[in-house]
Amino acid sequence: MTAPNASEPAGTFYVKPAKIYPREAHGRFARLRVFAVLALLGLYYLTPWLDWGGRQAVLFDLPARKFYILGLAFWPQDFFFLALLLIIAAFSLFFFTALAGRLWCGYACPQTVWTETFMWIERWVEGDRGARMKLDKAPWDARKLRLKAGKHALWLLFAAWTGFTFVGFFTPIRELGVRLAGFALGPWELFWIVFYSFATWGNAGFMREQVCLYMCPYARFQSAMFDKNTLVISYDAERGEPRGSRKRGVDPRTRGLGDCIDCTLCVQVCPTGIDIRNGLQYQCIGCAACVDACDEVMDKIGSPRGLVRYTTENALLHHQPHVIRPRMLVYAALLLALTGGLVYAISVRTPLQLDVIRDRNALYRMTDDGLAENVYTLKILNMDEHPHRFALAVHGAPGMRLDAAADAIAVAAGEVLTLPVRVSADPQDLPAASSDIRFELRALDTPDLRTATTGRFLGPARR
Amino acid sequence: MTISKVQHAVSVLWPSFLLASAATVVLFTVFDPQAIAACMGIEHLERTAAYTVGFFVLWTMNLASSMLTLYFQRPVHVPVIVEPRDLDLD
């Protein structure tokens, strides 16, 4: 699994990877991938155009430092949720890898999804595998120039739309569209549209399987999550070998042959150019194109399907396969706990924050009335989508007084209000020279919206 | 152990890109570039510009680090060991 493919010339200086011309596969898994590709691309290209409550439903508004997801607005202070979400994504990947191998790679990875789309365009313009290979070998003439130019024009157009959509996740897409149409894009918007388009064009048009082989960290470590019960695509060597061609209608057993007719279609359809019959290799992205190709051949020669199939190491060795195993239970439990935690944390999240900063210039001041006075700067952050009026209260020593007009502090939606306050207390009532003081803020119009922050109150040392 | 040219280039460019992306997110989540600019007396700074420049500065720094790693992986000369012998210099 981790060892390089035997067909890779070992010790050769600077192997130039041969260009791979994947043949089109037809069948169950090809249909499943088309479905996945269309669903995911639809999600990507349409999401920024959806509205929710008068604004873009999903908008990672970087210029304003706010993320909007449906009815929720996230602030940089909510970074915790993003971190939790990433951990959940990682555990989902572990869970599904242990269960069914590289499902992610074969059907859902953006690299697969966009490469698939770019190959559809390529096939539509240049033709099938044979035609493409012939075209690449042919000398440059008007036809080749036309086909190549046509392909790249379509690729670039699609890539440009992809780049535009990408930036549309970070800045309102409708306004971006208006600016694009009027040639009035900001320099940074334009830069990122071009950068992302170029990356799409390069990755899906040229790099393709090399991204999986050389760039993908997941491809390198996914085998660590595999065990003997993980679903992998495998060639049934016991049934297939010895391989060899035979005439139609000849029972292979009479010739001492297995079911594999050595048609090499499984190699031709492979997007990473490996031979699945050599066993499980890290280059295999689990796309099941070879399964489809082999099933088609088996149907034609009248042998049962599944010479290359989704199976497990245990099943191939005729051992009892186990779907439910400790590893799966641990991943599932962690995944459930984290997801539950995230949902709970978001549901009880208070879109209100109160920061208390003590005046650094003076420790405390004695007033004419003999009270110790501390000065604070409060920062009230209303992360809600509505304006609120708040009441502020302090708790600490008995008789502690707040001098600000603190019964109706108006804070607009998304505003950070800076509020200087003075708090005074009788030194006799202070429990120590430095004691806790609790600022409590509650919305007058929404009883649930409240928060509290503890600071320090300083006074004269007691004798 | 030799690797292909593509893999060579990728081993420098790609990890630095990935880490620069992550670092950009963390850096600008914690620090608002406009607030830093205000402290430095800069009146108008587009956040998008700061994010972009920040990302490329981080990528360049990571790139330098990856390249140095690759450079220091090159085999060095094994010193020739000379047997000491007694010399009578008089």
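Letters A, B, ... are given to chains in the order of the sequence lines, protein chains preceding strands, and every chain is numbered from 1. Computation of the quantities below employed the complete heavy-atom set of this structure, encompassing side-chain atoms and omitting hydrogens, waters and symmetry-equivalent molecules.
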Checking heavy atoms, do the side chain of A:W192, its backbone, both or neither come under 4.5 Å from chain B?
-> side chain
What are the two closest non-hydrogen atoms of A:P63 and B:T48, and how far apart are they?
-> CG-OG1, 4.1 Å
Look at the rings of B:W59 and A:F195 and say which category their plane angle falls in: under 30° parallel, 30 to 60° tilted, over 60° perpendicular.
-> perpendicular
Is chain A contacted by the side chain of B:F17, its backbone, both, or neither, given a heavy-atom distance below 4.5 Å?
-> side chain
Chain B contact via A:A64 - which portion, at a heavy-atom distance below 4.5 Å | backbone
Test item: B:V25 and A:F79 side chains (from C-beta on) under 4.5 Å apart, heavy atoms = yes
Check whether B:E46 gets within reach of chain A through its side chain, its backbone, both or neither, counting any heavy atom under 4.5 Å.
-> side chain
For A:F221, does the CZ atom sit with more than 12 other heavy atoms under 6.0 Å from it, leaving out its own atoms?
-> yes
OG1 of B:T52 to CH2 of A:W188: how many Å apart, nearest 0.5 Å?
-> 5.5 Å
Please report the shortest heavy-atom distance between A:Y214 and B:V10, naming the atom on each side.
-> O-CG1, 3.5 Å
Return the minimal non-hydrogen interatomic distance between B:F28 and A:R65, and the atom names on each side.
-> O-NH1, 2.7 Å
A:P187 portion near chain B, given a 4.5 angstrom heavy-atom threshold | neither
Heavy-atom closest pair, residues B:R47 and A:L62 = CD-O, 4.2 Å
Would you mind checking which part of B:L13 comes under 4.5 Å of any heavy atom in chain A, side chain (CB onward), backbone (N, CA, C, O), both or neither?
-> neither
Does A:F191 have its ring centroid less than 6.0 Å away from the ring centroid of B:F56?
-> yes
